[in-house]
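Below: the structure, in structure tokens.
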Amino acid sequence: MTQAELRESLRNDVVQAARDLLGATLVYGSMQARIVETEAYRGEDDPACHAYRKTTMRNMVMFGEPGHAYVYLNYGMHWMLNVSAHEPRRAAAVLVRAAEPLAGIEGMQANRGVERLEDLLSGPGKLCRAFGITRDDNGSDILAANSPLRISAAEESVREIVAGPRIGIAEGKGHDIPWRFMEAERMKWVSKPRPRL
DNA sequence: AAAATGATGCTCT
DNA sequence: GAGCATCATTTTC
């Protein structure tokens with residue numbers, strides 16, 4: 001998939017965009033990682049999406065141009081990286097949940113205070129900590145070649161995708177909608193499901 | 001091996 | 001004031 005095709009995908013449905021982001025490369029400074037796990041959050045019909053009700057100060061970016069970073073703080077201590085993806089006049093985003101470290105690994109280890117490669121990027125909070133992603137990156141154009149934080153499209157399409165229910169969603173808020181996507185051949189880099197009630 | 005817990009702060013009602 | 005799109009550590013089976 002070319003960069004232009006990825007851009008086009010982000011202008012359509014967020015669920016397909018979440019699948020298309022698998023295998024893409026996340027780049028920040030000298031750090032690079034392959035995205036292996038994503039989740040779709042769609043404003044129109046998904047109560048778990050921050051854009052489900054209306055635009056607020058926090059979720060503005062999700063209502064803006066597709067292909068921009070929506071970064072927010074969760075549980076008071078973890079930054080979450082999303083990419084806006086939707087048709088005109090709608091709001092939705094893909095949560096980037098896990099990645100396989102490729103380059104700049106020493107920097108990630110320093111930021112995380114962890115050595116083991118499988119623990120470096122295997123969760124949305126871990127990934128942002130390792131890359132040093134914070135509120136400063138909110139709203140940045142993630143497809144622009146000169147942006148510090150960017151994503152370059154997967155050169156070859158991912159062979160097999162595993163889908164499952166999203167993580168950490170309260171019951172009644174679409175907790176069983178299977179919009180969590182993982183690269184089947186790279187499950188060792190994926191975040192662990194949280195225990196259920 | 002699974003479940004409970006505490007840290008921690010911003011956003012929205 | 002309640003409720004989180006989490007994580008690492010501790011406690012319990």
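Within every chain, numbering begins at 1; the chains are lettered A, B, ... in the order of the sequence lines, protein sequences first and strands thereafter. Since we're looking at a predicted model, the values are computed, not measured.
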| remark: On a heavy-atom basis, the closest approach of A:Tyr28 and A:Asp137 is OH-OD1, 2.7 Å
| request: For A:Arg112, report the nucleic acid contact type (base, sugar-phosphate, nothing); a contact means any heavy atom under 4.0 Å. | output: sugar-phosphate
| message | Testing the basics here: between A:Ala92 and A:Val14, what is the closest heavy-atom pair and its distance to 0.1 Å? | response | CB-CB, 3.7 Å
Pairs under 3.5 Å (N/O, protein and nucleotides 10-13 of chain C):
none

| Closest heavy-atom contact between A:Ala48 and A:Tyr41? | O-CD2, 3.9 Å
| message | Using every non-hydrogen atom in the two residues, find where A:Ala184 and A:Val162 come nearest and quote the distance to one decimal. | response | CB-CG2, 3.7 Å
| Ignoring hydrogens and geometry, is there a side-chain-to-backbone donor-acceptor pair from A:Gln3 to A:Ala153 under 3.5 Å? | yes
| message | If hydrophobic clusters are built from ILVMFWY residues whose side chains come within less than 4.5 Å, do A:Val36 and A:Leu95 share one? | response | no
| query | OH of A:Tyr72 versus C1' of C:dG3: gap in Å, rounded? | reply | 12 Å
| task | Name all stems that contain residues of DNA chain C, defined as runs of 3 or more consecutive Watson-Crick or G-U wobble pairs, both distances under 3.5 Å. | result | B:1-7 with C:6-12, B:9-12 with C:1-4
| task | Search all heavy atoms of A:Leu81 against all heavy atoms of A:Ala69 and return the closest pair with its distance. | result | CD1-CB, 4.1 Å
| said: Whether A:His78 contacts C:dA5 is assessed here as follows: a side-chain N or O lying under 4.0 Å from the phosphate OP1 or OP2. Is that the case? | reply: no
| Rounded to whole angstroms, how far apart are NZ on A:Lys173 and P on C:dC4? | 8 Å
| message | Counting only side-chain nitrogens and oxygens, does A:Lys126 get under 4.0 Å of the OP1 or OP2 atom of C:dA8? | response | yes
Between protein and nucleic acid, restricted to nucleotides 10-13 of chain B and to nitrogen or oxygen atoms under 3.5 Å apart, what atom pairs and distances do you find?
from	atom 1	to	atom 2	distance (Å)
B:dT11	OP1	A:Arg135	NH2	3.2
B:dC12	OP1	A:Thr56	OG1	2.0

| task | Report which part of the nucleic acid A:Met77 touches: base, sugar-phosphate, or nothing (heavy-atom distance under 4.0 Å, all strands). | result | base
